[in-house]
Amino acid sequence: MPLDSILPRIAQEVHSTALASEIRALIPDAAQARVWGLAIGDFSNDTLPDVALSLFDADSSKEQVRVLFFENLGGAHMARRFVRRVGYLESPIEVGLTIDGSVVTIIRKTADEHWSQDGYSIEWGDVALVDHYETAQS
């Protein structure tokens with residue numbers, strides 16, 4: 001779905017239309033951005049809702065989505081803290097985002113019956129890897 005179509009939901013979750021507009025401004029190609037994953041929750045551990053997005057680039061020749069984390073700074077501004085290209089095998093939906101406690105997790109399919117999970121947290125403006133799991137179905 002287009003980024004602009006999901007901005008009202010983001011605004012509702014972060015309690016501010018201005019903060020949702022800042023996220024749009026922090027994405028260089030926002031007009032063409034297609035959202036495949038969205039997670040909203042407090043992964044900076046400051047009680048304010050932060051935002052994680054995975055964006056699909058239809059013009060890319062690689063099977064990748066762009067994952068971005070945005071930190072809510074005191075309810076006044078959003079800061080882009082993390083940008084990473086994450087590969088998928090068959091579909092961008094294979095890259096998922098979840099937030100539990102103060103950890104945002106990127107879950108992705110890495111092989112036919114294999115998944116990886118990387119959990120991140122924001123501490124004092126720095127993104128830190130706090131969990132890493134590999135799973136395989138027998």
Side-chain angles (χ1 to χ4, degrees):
M1 80 177 53
L3 175 64
D4 289 339
S5 71
I6 203 154
L7 286 177
R9 177 176 174 202
I10 293 172
Q12 179 182 359
E13 296 287 331
V14 300
H15 314 294
S16 170
T17 303
L19 291 179
S21 295
E22 275 194 31
I23 289 173
R24 188 184 194 291
L26 291 167
I27 299 173
D29 57 346
Q32 290 79 34
R34 299 290 179 255
V35 177
W36 278 86
L38 168 68
I40 300 172
D42 180 21
F43 52 87
S44 60
N45 207 25
D46 61 0
T47 73
L48 299 172
D50 305 305
V51 177
L53 293 169
S54 66
L55 303 176
F56 175 69
D57 180 5
D59 296 330
S60 175
S61 62
K62 298 180 180 179
E63 282 83 17
Q64 297 179 332
V65 293
R66 197 169 15 142
V67 175
L68 302 98
F69 298 164
F70 299 93
E71 182 181 6
N72 187 335
L73 302 174
H77 296 288
M78 296 299 276
R80 189 176 59 208
R81 295 291 187 213
F82 180 92
V83 179
R84 178 164 297 156
R85 295 221 177 252
V86 177
Y88 61 85
L89 297 177
E90 297 172 8
S91 169
I93 201 73
E94 295 170 353
V95 178
L97 300 167
T98 64
I99 299 173
D100 185 33
S102 61
V103 178
V104 58
T105 301
I106 302 171
I107 303 134
R108 67 187 184 106
K109 186 176 183 180
T110 55
D112 232 4
E113 296 181 5
H114 192 250
W115 294 78
S116 73
Q117 301 177 21
D118 291 321
Y120 299 89
S121 190
I122 297 176
E123 300 290 333
W124 303 103
D126 292 324
V127 177
L129 178 67
V130 295
D131 293 318
H132 175 78
Y133 298 102
E134 298 279 334
T135 60
Q137 183 178 6
S138 301

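FYI, the numbering just counts along the sequence from 1.
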**Message:** Under the criterion side chain to side chain contact (heavy atoms under 4.5 Å, CB included), I'd like the reasoning laid out for V65 against R108: C-alpha separation, chi angles, the key distance, then a yes or no.
**Reply:** CA-CA 11 Å; V65 293; R108 67 187 184 106; over 6 Å; no

**Prompt:** Quick one: CG on D131 to CG on D118, what's the gap to the nearest 0.5 Å?
**Reply:**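 Result: 9.0 Å between the selected atoms.
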
**Request:** Mind checking the CG-CD1 spacing from D46 to I122? Nearest 0.5 Å is all I need.
**Result:**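 Going from CG on D46 over to CD1 on I122, the span is 8.5 Å.
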
**Derivation of the side chain to side chain contact (heavy atoms under 4.5 Å, CB included) call for Y88 and F56** = CA-CA 11 Å; Y88 61 85; F56 175 69; 3.2 Å; yes

**Message:** Tell me which one of I10, D50, N72, L73 satisfies side-chain contact (heavy atoms from CB on, under 4.5 Å) with M78.
**Reply:**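 Running side-chain contact (heavy atoms from CB on, under 4.5 Å) over I10, D50, N72, L73 with M78 returns exactly one hit, N72.
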
Are any side-chain N or O atoms of [X] and backbone N or O atoms of [Y], one a donor and one an acceptor, separated by less than 3.5 Å?
X	Y	value
H114	K109	no
T105	Q117	no
S102	N45	no
R80	L26	yes

Non-hydrogen atoms of [X] and [Y] that approach each other most closely:
X	Y	answer
E71	S44	OE2-CB, 3.6 Å
P28	R66	CD-NH1, 4.4 Å
I106	F69	CD1-CZ, 4.0 Å

**Asked** Without hydrogens or angle criteria, can the side chains of Y120 and R84 be said to hold a donor-acceptor pair below 3.5 Å?
**Response**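 Result is yes, a qualifying pair exists.
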
**Prompt:** Is the closest side-chain heavy-atom distance between V51 and L38 below 4.5 Å?
**Reply:**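 V51 vs L38: side chains touch.
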
**Request:** Could you please spell out the steps behind the side chain to side chain contact (heavy atoms under 4.5 Å, CB included) verdict for L3 and S5?
**Result:** CA-CA 5 Å; L3 175 64; S5 71; over 6 Å; no

**Prompt:** Does CG in D4 sit with more than 12 non-hydrogen atoms of other residues, nucleotides or ligands closer than 6.0 Å?
**Reply:**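 Counting neighbours around CG of D4, more than 12 heavy atoms of other residues, nucleotides or ligands fall under 6.0 Å, so yes.
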
Counting only pairs under 3.5 Å, give me each side-chain donor-acceptor contact of residues 89-97, with atom names and distances, residues two or more places apart or in other chains.
residue : atom : partner : partner atom : Å
S91     : OG   : I93     : N            : 3.2
E94     : OE1  : L89     : N            : 2.7
E94     : OE1  : E90     : N            : 3.1
E94     : OE2  : E90     : N            : 3.2

